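These notes concern the structure reproduced below.
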Amino acid sequence: IIIVISSLTKDMNSNVDLYRANAIRVLCKIIDAQMLGQIDRYIKQAVVDRNALVSSSALISGNQMAADPQKREVVRRWVNEVQEAVNSRSEMVQYHALSLLYTIKC
């Protein structure tokens, strides 16, 4: 699983936005709470990315991870980035950011 995570982390740094978005979604499904700390920085950057697809993927993944009690504390640290995403031009990103904010606050 370490090799898969390494490969997906490499895709998160790709110039192709579709690869980045898909890598974020998959990583958040397979990663455990201990490994989440290693990719936390990349996901925070993705939340405020200028591309709506990448940003929405990170926000949706955050919503899914917030449901897991072990990952919830890491997601709570993203509040500043999520609040920035609320001010995005994209309505889709705004919606997903508001959804994640609600999940974090409750």
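As the structure is a computational prediction, the values presented were derived from the model and not from experiment.
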Give the table of side-chain donor-acceptor pairs shorter than 3.5 Å for residues 97-106, with sequence neighbours excluded, one pair per line with atom names and distance.
unit_1 : atom_1 : unit_2 : atom_2 : d
Ser99  : OG     : Asn63  : ND2    : 2.7
Thr103 : OG1    : Asn63  : OD1    : 2.8
Thr103 : OG1    : Ser99  : O      : 2.9

inquiry  = If hydrophobic clusters are built from ILVMFWY residues whose side chains come within less than 4.5 Å, do Ile3 and Tyr42 share one?
reply    = no
query = Is any side-chain heavy atom of Ile43 closer than 4.5 Å to a side-chain heavy atom of Met65?
reply = yes
Please tabulate, one pair per line, all N/O donor-acceptor pairs under 3.5 Å involving side-chain atoms of residues 21-36, not counting sequence neighbours.
unit_1 : atom_1 : unit_2 : atom_2 : d
Asn22  : OD1    : Arg25  : NH1    : 3.1
Asn22  : ND2    : Leu18  : O      : 3.3
Arg25  : NE     : Ser57  : OG     : 3.2
Arg25  : NH2    : Ser57  : OG     : 3.2
Asp32  : OD1    : Met35  : N      : 3.2

task = Could you identify which residues cluster with Ile60, counting Ile, Leu, Val, Met, Phe, Trp and Tyr as linked when any side-chain heavy atoms lie under 4.5 Å apart, either directly or through a chain of such contacts?
result = none
query = Among pairs that include at least one residue of residues 2-23, which meet salt bridge (Lys or Arg N to Asp or Glu O under 4.0 Å), considering only residues two or more places apart or in two chains?
reply = Asp17-Arg20, Arg20-Asp49
For residues 76-88, which side-chain donor-acceptor pairs fall under 3.5 Å, sequence neighbours excluded?
unit_1 : atom_1 : unit_2 : atom_2 : d
Trp78  : NE1    : Asp40  : OD1    : 2.5
Trp78  : NE1    : Val74  : O      : 3.3
Ser88  : OG     : Ser90  : N      : 3.2

request  = Report the residues that fulfil side chain to side chain contact (heavy atoms under 4.5 Å, CB included) with Tyr95, sequence neighbours left out, ordered by chain and then residue number.
outcome  = none
query = Is there a donor-acceptor contact under 3.5 Å from the side chain of Ser6 to the main chain of Ile2?
reply = no
note = Separation between OG (Ser56) and CD (Gln94), nearest 0.5 Å, reads 10.0 Å
key: Contacts of type side chain to side chain donor-acceptor pair (under 3.5 Å), residue Ser55, not counting sequence neighbours   = none
